[in-house]
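To start, the structure under review is shown below, and the notes come after it.
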Amino acid sequence: MITILENVLSEEELLQINTTLNSGQFHAGAETAGWAAQSVKKNQQWYAEPKLEDELSNMLTTKLVSHPQFATTTYAKKIAPFLFSESRDSGGYGDHIDDALMGADFIFRSDLSCSVFLSEPDQYCGGELVFSVGAEKFSYKLKAGQAIIYPSTTLHRVEPVTEGVRRVGVIWLESYVRSAEKREILNDLDLARRNVMSTQGKNTAFDQISKSHSNLLRLWAET
């Protein structure tokens with residue numbers, strides 16, 4: 001399940017983030033890639049003083065997790081710090097799978113990946129985020145301030161940026177619900193009960209859907 005979150009960041013917050021990124025430096029992204037992805041990772045990764053890196057990561061994490069769709073899309077158990085990357089001058093990131101186990105201070109399983117777009121789509125050419133699902137290809141080029149959440153098991157790439165600059169913040173999560181199929185069922189049930197509440201109020205249908213949602217989460221969650 002691929003989910004797009006609208007309005008994660010305001011224009012003022014985007015300006016603040018990009019101004020902060022301008023105060024640091026970008027280095028070759030291959031330095032942080034796993035051995036299998038080093039040959040195709042041709043973007044740049046942001047570095048600054050550790051305190052500034054932590055402040056920017058924490059600010060964006062706070063905005064992301066407070067989004068009304070985030071909790072029921074991810075059931076996040078562990079969240080890595082944000083990495084900020086930039087693609088320009090034909091840089092991108094070829095087909096790859098995110099590492100199954102990640103982390104430095106703590107090790108976690110990557111169930112979900114998330115990119116928060118920090119550049120407007122008309123500011124660069126290329127740079128589409130492309131997913132390969134079976135024989136199908138799905139391409140996304142979102143507005144600044146939007147985020148996309150997708151299973152880390154998905155083969156994906158970032159097309160080369162031939163003009164302009166593409167900036168994103170990237171994060172990985174371990175979920176209480178490991179299975180993408182189960183998370184989708186839970187998300188559908190949550191959407192259904194919210195729809196019932198908004199159109200009919202709290203009634204028997206709402207209570208029955210909520211019961212099924214809670215009991216399935218209780219059954220599937222890994223604590």
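Every value quoted in this text rests on a predicted model; they were computed, and no experiment measured them.
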Any donor-acceptor N/O pair, S57 side chain to E53 backbone, under 3.5 Å: no
Check: L142 and L129 side chains under 4.5 Å, non-hydrogen atoms: no
Test item: Q123 side-chain N/O and E120 main-chain N/O as donor-acceptor pair under 3.5 Å: yes
Between D98 and S113: side-chain donor-acceptor atoms closer than 3.5 Å: yes
side-chain contact (heavy atoms from CB on, under 4.5 Å) between C114 and I149, worked out: CA-CA 4 Å; C114 175; I149 300 174; 3.8 Å; yes
Any side-chain heavy-atom pair of Y176 and L217 under 4.5 Å: no
Minimum heavy-atom distance between P160 and S90, given as atom pair plus value: CB-O, 3.5 Å
Expected output: side-chain K42 to main-chain S87 donor-acceptor under 3.5 Å: no
L216 and K182, any side-chain heavy atoms less than 4.5 Å apart: no
Closest heavy-atom pair and its distance - R157, G94: CB-C, 3.6 Å
Heavy-atom pair of closest approach, residues N203 and Q200: ND2-OE1, 2.8 Å
Atom of E13, atom of V8 and distance for their closest heavy-atom approach: OE1-O, 4.1 Å
Short side-chain donor-acceptor distance under 3.5 Å, K77 and S175: no
Y124 with F84, same ILVMFWY side-chain cluster at under 4.5 Å: no
Qualifying residues under salt bridge (charged side-chain N to carboxylate O under 4.0 Å, His left out), relative to D207, sequence neighbours excluded: K202
Nearest-0.5 Å distance, OH of residue Y150 to OG of residue S115: 4.0 Å
Contact check, side chains of W220 and S179, non-hydrogen atoms, under 4.5 Å: no
Any side-chain heavy-atom pair of I148 and F117 under 4.5 Å: yes
Spacing of W46 atom CH2 and S23 atom OG [to the nearest 0.5 Å]: 6.0 Å
From CG (L101) to CZ (F108), nearest 0.5 Å: 9.0 Å
Path from F82 to L52 over hydrophobic side-chain contacts below 4.5 Å: yes
Stepwise side-chain contact (heavy atoms from CB on, under 4.5 Å) check, T153 with I97: CA-CA 6 Å; T153 54; I97 291 286; 5.7 Å; no
Atom pair OG1/CD of T74 and Q69 - distance to nearest 0.5 Å: 11.0 Å
Candidate pair L60 and L9, rule side-chain contact (heavy atoms from CB on, under 4.5 Å), full reasoning: CA-CA 8 Å; L60 189 47; L9 296 169; 3.6 Å; yes
Contacts table for residues 161-170: side-chain donor-acceptor under 3.5 angstrom, sequence neighbours left out:
from, atom 1, to, atom 2, distance (Å)
R166, NE, G127, O, 2.8
R167, NE, E86, OE1, 2.8
R167, NH1, N18, O, 3.4
R167, NH1, N18, OD1, 3.1
R167, NH1, N22, OD1, 3.2
R167, NH2, N22, OD1, 2.8
R167, NH2, E86, OE1, 3.1

Inter-residue atom distance N187.CG - T3.OG1, 0.5 Å rounding: 6.0 Å
Whether Y93 and H96 hold their rings parallel, tilted or perpendicular, with breakpoints at 30° and 60°: parallel
Joint hydrophobic cluster, L112 plus I2, side-chain heavy atoms closer than 4.5 Å: no
Nearest-0.5 Å distance, NZ of residue K211 to CG of residue L189: 13.5 Å
Under 3.5 Å: donor-acceptor pair, side chain of H213, backbone of I185: no
Side chain to side chain, L64 and I171, heavy atoms closer than 4.5 Å: yes
Least distance between heavy atoms, Q146 atom then K143 atom: OE1-N, 2.8 Å
All salt bridge (charged side-chain N to carboxylate O under 4.0 Å, His left out) counterparts of D190, not counting sequence neighbours: R193, R194
Non-hydrogen side-chain atoms of I17 and L56 separated by less than 4.5 Å: yes
Donor-acceptor under 3.5 Å (E174 side chain, R109 main chain): yes
R183 and D111: CA distance, side-chain angles, deciding distance, side-chain contact (heavy atoms from CB on, under 4.5 Å) verdict: CA-CA 11 Å; R183 288 196 303 271; D111 295 320; 4.1 Å; yes
Plane angle bin for F131 and Y140 - parallel if under 30°, tilted between 30 and 60°, otherwise perpendicular: perpendicular
Other residues, nucleotides, ligands: >12 heavy atoms within 6.0 Å of K137 NZ: yes
Cluster link W172 to V177, ILVMFWY, side chain under 4.5 Å: no
Non-hydrogen side-chain atoms of T72 and L186 separated by less than 4.5 Å: no
hydrophobic_cluster_shared for L173 and V65, side chain cutoff 4.5 Å: yes
Contact summary for F106 and I79, nearest pair of heavy atoms: CZ-O, 3.8 Å
